[in-house]
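Here is the structure we will look at, set down as structure tokens.
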Amino acid sequence: VVVAGVVIYFQQSVERERMEGVKHEKLTPEEREQRKLEKKAAKEAKKREKEMKKRMRQEQEQKRKEMQQENDVSKGMYGNLPLVQSQSREGKSFAKISELTEEDVNSTVLLRTRLHLIRDMGKQLFLRLRQRTHTVQAVLFLGDNVSKLMYKFVSKMHPESIIDIEGVMTKTSDPVESCSMQNYEIVINKCFVVSSAVPRLPLQIDDAMREENDPMLPNQDTRLNNRILDLRAEPNQAIFKIQAGVCMLFRNTLIAKGFTEIHSPKMISAASESGSSVFELSYFKTKAYLAQSPQLYKQMAIASDFDRVFEVGPVFRAEKSFTHRHLTEFTGLDLEMSFNEHYHEVLEVIGDTFVQIFRGLNEKFGHEIEVVRKQYNREPFTWLEPTLRIEWPEGIQMLRDAGEDIGDFDDISTPQEKLLGRLVKEKYNTDFYILDKFPLCIRPFYTMPSPEDERYSNSYDIMMRGEEIMSGAQRIHDPVLLEKRAKEHEIDFAEMKDYLECFQYGCPPHGGGGVGMERVVMLFLGLPNIRKTSLFPRDPTRITP
């Protein structure tokens with residue numbers, strides 16, 4: 001059947017050629033080559049003709065555009081700025097959205113902002129301009145002073161581009177609910193692109209700003225994988241302004257209390273915290289470790305007559321913790337101070353320092369706190385003045401009264417810690433308190449035993465919303481007792497010779513503690529995960545970006 005079909009097809013082809021007057025003659029190799037060259041030449045000629053017509057069309061279009069631009073009433077009022085290479089400095093006065101007031105109404109203002117979004121309503125363009133946590137609406141009207149070319153250019157700008165907008169600030173007839181500046185808008189006169197974003201973004205800023213229970217809110221890994229865009233979201237901008245506020249208030253409060261800021265080494269020869277895993281690194285021909293705490297160096301500073309010291313610096317913990325509150329690298333806020341009679345002198349300073357931080361955040365960062373609450377709706381953080389202090393036996397009894405089975409000297413589990421926080425909130429109406437007098441058996445070797453009952457210690461935890469943020473204590477400053485406690489914990493003091501020696505030369509009684517900055521911010525705002533308060537989080541599975 002196949003053969004018959006081929007024969008029929010061939011016969012039909014021959015008949016068609018015969019009817020068209022085509023002679024079937026056998027061509028010589030030279031004739032076949034000549035025919036190929038002729039076909040190629042004809043094809044190239046046709047291609048040249050096509051390219052010529054295309055060039056003519058492009059030239060005509062270019063002339064049309066040039067004529068259009070010559071007659072453009074908006075010429076010089078829009079476009080892409082040349083690459084800023086610090087060629088000149090004209091002294092232009094750029095305004096901040098947050099600083100615009102009633103006095104600026106009907107005045108011309110110049111803004112450099114992010115283009116958050118743009119809506120084309122036919123003959124009107126509405127732009128939302130963003131500077132960190134502050135936004136304002138800008139409008140462009142197609143008309144006598146705004147050409148079609150300018151209108152088209154502005155309408156095609158990509159969201160997240162950096163742009164310069166110059167226009168007149170006017171009052172709006174109705175509040176602009178989507179902007180932080182609701183009663184004013186900018187009528188655009190000029191618009192220039194400083195740096196254009198790509199047309200398609202891997203993460204939409206509006207999506208990153210959705211309420212936490214919105215199913216369209218991107219998951220945490222997606223946001224962290226695109227952290228540069230994620231950080232532009234207004235709640236994140238607010239979080240890190242608050243974080244900066246925590247550091248500022250911590251530093252300023254302690255300086256006012258007579259503390260000296262120090263900067264201790266982060267590469268050390270031995271583990272600085274008992275019970276914590278360390279990151280090991282090669283240090284020339286020997287080994288070194290990343291510091292888990294400035295603990296030992298703070299104490300050595302006290303022994304060096306610094307009296308009161310604090311530090312803000314990185315802390316490293318090589319722990320495979322996959323919880324909502326642990327990181328392998330975080331920023332530590334540490335303090336240490338000598339005291340005269342009782343370690344509660346230290347507790348009073350710590351308690352008041354945190355009160356100053358909480359009060360300062362509410363006073364100086366109220367706008368940012370409200371921005372965060374739009375995405376994470378939490379009850380405002382509460383505290384007492386002076387700070388509530390409860391002792392270990394009272395805390396254990398509160399847990400037992402709530403149905404928990406726990407021994408006098410058992411360590412409190414994370415669920416029990418949270419439960420105790422809720423019980424304290426119900427009884428004392430505070431999210432912040434100090435749990436004092438921990439059992440000695442669950443504290444580090446350098447913790448001073450309690451003089452009333454050596455089963456307990458002069459140590460404490462600072463709690464926020466039912467979670468521990470700081471562990472601290474009176475440190476042992478007597479070398480004989482310190483060596484005795486070290487032996488009980490089976491610690492080789494040969495690796496800590498410098499630490500032990502500082503107490504042999506005379507050291508005042510002292511105490512202190514350290515807190516993770518990211519955890520303080522997380523719990524003050526009531527956020528669900530510490531990775532939201534770390535700029536570029538580090539945990540057992542994440543070391544980028």
Side-chain angles (χ1 to χ4, degrees), residues 1-87 115 117-120 122 125 142 146-164 191-205 207 218 221-222 225-229 544-545:
V1 173
V2 174
V3 173
V6 171
V7 171
I8 293 170
Y9 177 79
F10 180 74
Q11 291 174 341
Q12 290 175 343
S13 298
V14 171
E15 179 63 20
R16 280 197 301 272
E17 291 178 357
R18 187 187 64 77
M19 298 209 38
E20 291 170 1
V22 178
K23 285 188 176 182
H24 295 279
E25 53 186 352
K26 191 172 181 182
L27 300 177
T28 65
E30 292 79 7
E31 289 174 328
R32 281 198 299 271
E33 184 64 27
Q34 180 62 30
R35 189 164 292 183
K36 283 183 183 178
L37 293 173
E38 290 173 356
K39 286 183 179 179
K40 185 177 180 181
K43 188 175 181 180
E44 288 178 352
K46 190 173 182 181
K47 183 178 178 181
R48 285 195 298 271
E49 182 183 359
K50 189 175 180 180
E51 288 177 350
M52 186 180 296
K53 288 181 179 179
K54 182 179 179 181
R55 278 199 304 270
M56 288 177 65
R57 285 196 302 270
Q58 288 175 342
E59 289 172 0
Q60 289 172 356
E61 179 64 19
Q62 182 64 28
K63 287 179 181 178
R64 188 186 66 80
K65 285 184 177 180
E66 289 174 358
M67 289 181 64
Q68 209 174 23
Q69 288 172 358
E70 286 177 6
N71 299 322
D72 186 1
V73 295
S74 302
K75 187 176 181 180
M77 311 292 278
Y78 65 97
N80 294 302
L81 286 182
L83 179 66
V84 178
Q85 294 181 285
S86 303
Q87 302 96 321
L115 173 59
L117 61 80
I118 187 166
R119 288 184 296 121
D120 191 342
L125 288 177
L142 181 62
V146 176
S147 67
K148 290 183 178 180
L149 287 177
M150 180 176 180
Y151 189 94
K152 182 179 180 180
F153 174 85
V154 174
S155 69
K156 298 297 182 182
M157 292 190 305
H158 302 152
E160 290 308 298
S161 295
I162 298 174
I163 61 175
D164 284 352
C191 178
F192 294 95
V193 174
V194 179
S195 177
S196 181
V198 295
R200 299 189 64 178
L201 301 172
L203 178 69
Q204 300 302 315
I205 309 304
D207 287 343
D221 280 339
T222 298
N225 290 340
N226 298 281
R227 191 61 162 161
I228 300 299
L229 291 172
T544 59

Of all residues at least two apart in sequence or in a different chain, which pass the side chain to side chain contact (heavy atoms under 4.5 Å, CB included) check with Q204? L201, D207
Tell me, do P218 and L203 make a side-chain contact under 4.5 Å, heavy atoms counted? yes
How far does CZ of R55 sit from CZ of R48, to the nearest 0.5 angstrom? 11.0 Å
Is there side-chain contact between P202 and N226, with at least one heavy-atom pair below 4.5 Å? yes
Sorted by chain and number, sequence neighbours left out, side chain to side chain contact (heavy atoms under 4.5 Å, CB included) with L83 holds for Q85
Looking at E30, is its backbone amide N or carbonyl O close enough to the side chain of E33 to form a donor-acceptor pair, meaning the two atoms are under 3.5 Å apart? no
At their closest point, which heavy atom of A197 faces which heavy atom of H158, and how far apart are they? O-ND1, 2.8 Å
So how far is it from L81 CG to F192 CZ, rounded to the nearest 0.5 Å? 6.0 Å
Within the 4.5 Å heavy-atom criterion, are Y78 and V193 side-chain neighbours or not? no
Atom pair CD/CD of Q58 and E51 - distance to nearest 0.5 Å: 10.5 Å
Run the numbers on S147 and D72 for side chain to side chain donor-acceptor pair (under 3.5 Å), then give the verdict. CA-CA 6 Å; S147 67; D72 186 1; 2.5 Å; yes
Closest non-hydrogen atom pair, R119 against L117: CG-CD1, 4.2 Å
Does a side-chain heavy-atom distance below 4.5 Å link C191 with M157? yes
Could you check whether any side-chain heavy atom of I205 comes within less than 4.5 Å of a side-chain heavy atom of L229, counting everything from C-beta outward? yes
Close side-chain approach of Y151 and L125, heavy atoms under 4.5 Å: yes
K54: which of R57, M52, K50, M56 passes side-chain contact (heavy atoms from CB on, under 4.5 Å): R57
For S196 and S161, which heavy atoms make the closest approach, and how far apart are they? CA-OG, 3.4 Å
What heavy-atom pair brings M150 and M77 nearest, and what distance separates the two atoms? CE-O, 3.8 Å
Is a salt bridge present between K53 and E49, judged by a nitrogen-to-oxygen distance below 4.0 Å? yes
So do the side chains of K36 and R32 get within less than 4.5 Å of each other, counting heavy atoms only? no
Shortest non-hydrogen pair, V146 vs L142, comes out as O-CD1, 3.3 Å
